[in-house]
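In what follows, chains are A, B, ... by sequence order, proteins preceding strands, each numbered from 1. As the structure is a prediction and not an experimental result, all values here were calculated from the model.
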Amino acid sequence: MADKHELAQIFAAVAVLLELKGENHFKVRAYESAAHTLEQLKTDLASFVADGGLEETKGIGKAISQKIAEYLATGKIAFYEELKTSVPAVLFELIKIPGLGPKKAMALYENLGIQSVGELEYACRENRLAGLPGFGLKTQEKILEGLEYVKRFQGQQLLSDVWPLAEKIADFIRSQPGVSAAQVAGSIRRRKETVKDIDIVVAADAGADGAAFITAIPGVERILSQGTTKISLALVSGVNMDVRIVRPAEFAAALHHFTGSKEHHIALRGLAKEKGLKINEYGLEAADGRRIAVRDEQEFYRALGLDYIEPELREGADELELAASSALPLLIKEQDITGVFHVHTTYSDGSATLEEMAEAVRQRGWRYLGITDHSRTAVYARGLRVETVVEQRREIDRLNAQNQDLTIFAGIESDILPDGSLDYPDEILAQFDFVIASVHSSFRQSEADMTRRIVKAMTNRYVSILGHATGRILLARDGYELDMPAVIRAAGETGTAIEINANPYRLDLDWRWCRQAKESGVLLAVNPDAHAPEELDYVRYGVAVARKGWLTAADIINTRPAEQALALLRRKRN
DNA sequence: GCCGTTTTCGGCCCGACTGTTTTCAGTCG
């Protein structure tokens with residue numbers, strides 16, 4: 001299937017292969033950048049090419065254009081197929097191990113004949129690496145540690161597992177003598193859904209003893225490396241952390257530098273160079289070497305002729321162009337959320353009663369709550385029979401009569417059955433204030449069937465919101481096969497909202513699709529999918545996804561007053 | 001491999017740290 005994501009993966013693989021072969025670094029980068037460009041494409045590959053997109057796109061020249069054409073015509077790229085056979089597959093595995101790059105991986109393969117990750121571990125334990133040219137005992141130990149790390153966590157952590165921890169550590173560092181600022185940077189600050197490690201940037205006076213406060217950080221297992229400005233630590237929780245220490249005057253530039261992304265920096269430094277400036281982690285430099293002081297990131301961007309770019313947007317898409325023309329969106333904030341939909345109770349598989357969940361919502365300052373227990377087909381989750389639906393409705397009415405400051409809406413999370421029909425007949429669905437429709441079974445349908453199934457569900461006039469669109473579980477399970485552009489189009493045409501499921505294991509819709517949804521006229525809802533009171537706080541992660549997806553408060557249904565939000569969820573019924 | 005209103009050749013973002021070395025390559029972000 002001619003697909004831009006598959007082609008992007010091929011180009012990314014070509015980049016790795018070329019790197020393994022020791023090719024020119026800039027050639028490697030050309031393929032990396034082509035992969036990145038394709039990944040960000042808003043249209044499908046064929047129409048992009050047909051509309052002359054190749055000629056207009058920076059970074060795609062003659063050679064890569066030809067390979068794209070070849071891929072569209074044949075579904076393959078001969079150059080890649082050939083390259084693959086010339087590089088042993090095991091090298092792909094080896095370079096995923098921290099501390100092992102292409103050069104050392106190749107050396108291990110050539111000198112020790114390592115054929116698998118398991119063999120590498122064995123070779124380390126047999127002490128066979130130390131003694132190879134360029135290798136020593138330390139390197140061997142580091143590789144063993146890297147192997148452990150990959151085995152335990154596949155090198156990735158959920159944002160929700162590290163973000164709160166990172167903030168706590170930053171708070172601790174801020175309380176230390178001589179420290180004037182400390183902030184979480186890196187992919188946590190950019191709110192990537194999974195992250196590899198924790199980055200913290202610290203501003204300390206010249207006299208401050210960095211080593212003292214670093215070793216005092218709670219939860220440090222050991223120090224991995226330590227220089228005067230950069231310290232790498234392993235935490236007891238299993239995640240690694242980099243701490244960078246700079247002088248207060250350098251803090252803003254350093255914070256920017258260590259927030260990334262790599263792609264954003266490459267683009268930004270190219271722009272700086274055009275303006276005769278140089279960027280490094282300590283600040284901005286004019287051509288004559290004069291340092292340009294910046295007090296904060298706002299000033300940093302201003303010095304480059306740009307509006308401030310929020311960390312979530314720094315992924316190397318088109319954020320620089322839009323910042324240059326003051327066309328960046330004003331991103332949604334947590335405080336914009338006025339109420340929540342998609343909440344479970346003890347009526348189905350929740351752990352708290354309807355009343356307890358209502359109280360928890362009120363405590364968070366929200367004004368409305370949409371209850372959506374599971375529908376009857378979801379027997380594993382004690383889905384509601386029709387009689388129970390009526391009973392729950394009575395309790396909701398009673399609570400609403402008692403409370404002035406909170407409105408409860410009676411909804412349902414209805415299963416989308418394999419043929420795309422819903423779990424209750426229309427006359428039952430019509431009795432709910434709103435309906436979330438989700439797939440919970442038959443995940444293995446073909447892409448075409450699954451797409452048809454979901455699109456058909458959205459044509460039902462009672463379906464307000466599509467729940468967790470892809471069904472993925474981060475670090476555990478890929479989503480089902482789905483033609484997401486077709487689903488987004490159908491959502492726009494039918495007036496169905498799409499959920500940003502804020503459960504940190506899901507974060508589904510993925511932020512990468514949010515912009516396209518918005519541009520197709522789709523409204524989104526940040527839904528906690530809470531099964532317990534504390535899970536209402538998942539909203540924080542959902543807002544992070546929305547921000548990362550370039551969304552404003554206006555794009556999100558549950559930033560509105562209760563009546564308006566409900567009206568939007570019921571607009572298909574008119 | 002890509003790019004260019006100084007360029008069709010010679011650049012391409014930039015620096016810290018480690019380990020194995022006696023001046024630097026490899027890795028990482």
Side-chain angles (χ1 to χ4, degrees), chain A residues 11 14-15 17-20 22-35 37 54-55 57-68 79 83 94-108 129-143 145-146 149 155 185-190 192 195-201 223-233 240-246 250 253-254 256-285 304 314 316:
Chain A
F11 282 154
V14 167
L17 289 165
L18 291 174
E19 201 171 17
L20 284 166
E23 263 284 4
N24 178 335
H25 176 65
F26 296 104
K27 189 167 170 178
V28 172
R29 236 184 64 193
Y31 280 100
E32 274 175 359
S33 126
T37 303
L54 293 178
E55 290 74 24
T57 307
K58 253 182 85 177
I60 295 184
K62 207 170 144 200
I64 291 182
S65 286
Q66 270 172 8
K67 291 184 176 72
I68 295 175
F79 175 65
L83 204 54
L94 296 186
I95 57 171
K96 288 180 192 156
I97 299 164
L100 262 191
K103 292 287 191 299
K104 283 203 158 69
M106 187 60 104
L108 289 174
L129 268 64
L132 287 178
F135 288 76
L137 262 182
K138 287 275 182 69
T139 309
Q140 180 170 282
E141 273 168 31
K142 212 168 137 190
I143 289 172
E145 278 173 19
Y149 190 71
S187 45
I188 298 180
R189 184 161 181 244
R190 300 201 316 279
K192 284 287 288 286
V195 303
K196 225 176 62 185
D197 59 10
I198 295 174
D199 287 292
I200 295 184
V201 181
I223 294 174
L224 299 173
S225 77
Q226 182 167 18
T228 51
T229 67
K230 176 186 164 179
I231 298 160
S232 296
L233 307 157
N240 289 347
M241 175 166 84
D242 286 342
V243 180
R244 330 276 179 145
I245 304 168
V246 297
E250 297 160 344
H256 180 269
H257 178 82
F258 294 113
T259 297
S261 66
K262 187 176 132 203
E263 289 79 10
H264 181 76
H265 278 313
I266 289 174
L268 199 61
R269 287 175 183 198
L271 178 74
K273 194 165 263 192
E274 283 172 27
K275 294 177 185 291
L277 301 169
K278 194 173 96 169
I279 301 174
N280 62 28
E281 60 201 80
Y282 301 110
L284 276 167
E285 268 178 27
L304 293 162
R314 302 179 195 168

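- At a threshold of 4.0 angstrom between heavy atoms, the contacts of T228(A) are confined to the sugar-phosphate backbone, with no base atom among them.
- Here dG19(B) is the nucleotide among dG19(B), dA16(B), dC2(B) with the atom lying nearest to any side-chain atom of T139(A).
- Note: F79(A) and Y31(A) have parallel aromatic rings, judged against thresholds of 30 and 60 degrees for the angle between ring planes.
- Within the 4.0 angstrom heavy-atom criterion, no nucleotide atom of any strand lies near L18(A).
- Residue K273(A) is classed as a sugar-phosphate contact, given heavy-atom separations below 4.0 Å to backbone atoms only.
- Residue order along DNA chain B, read from the 5' end via each residue's closest nucleotide, puts N280(A) first among N280(A) and L137(A).
- The H257(A) side chain lies nearest to dG29(B) when the options are dG19(B), dC17(B), dG29(B).
- With a glycosidic angle no more than 90° from 0, dT7(B) adopts the syn conformation.
- With respect to the salt-bridge test (charged N to carboxylate O, under 4.0 angstrom), the residues K230(A) and E281(A) do not qualify.
- The base of dG1(B) sits with one of its N or O atoms less than 3.5 Å from a complementary donor or acceptor on the side chain of N24(A).
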Test log, rule side-chain contact (heavy atoms from CB on, under 4.5 Å), inputs I95(A) and L100(A):
CA-CA 5 Å; I95(A) 57 171; L100(A) 262 191; 5.7 Å; no
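- Computed from coordinates, the F258(A) CZ to dA16(B) P distance equals 9 Å when rounded to whole Å.
- Taking the C1' atoms as reference points, dC14(B) lies 24 Å from dC9(B), given to the whole Å.
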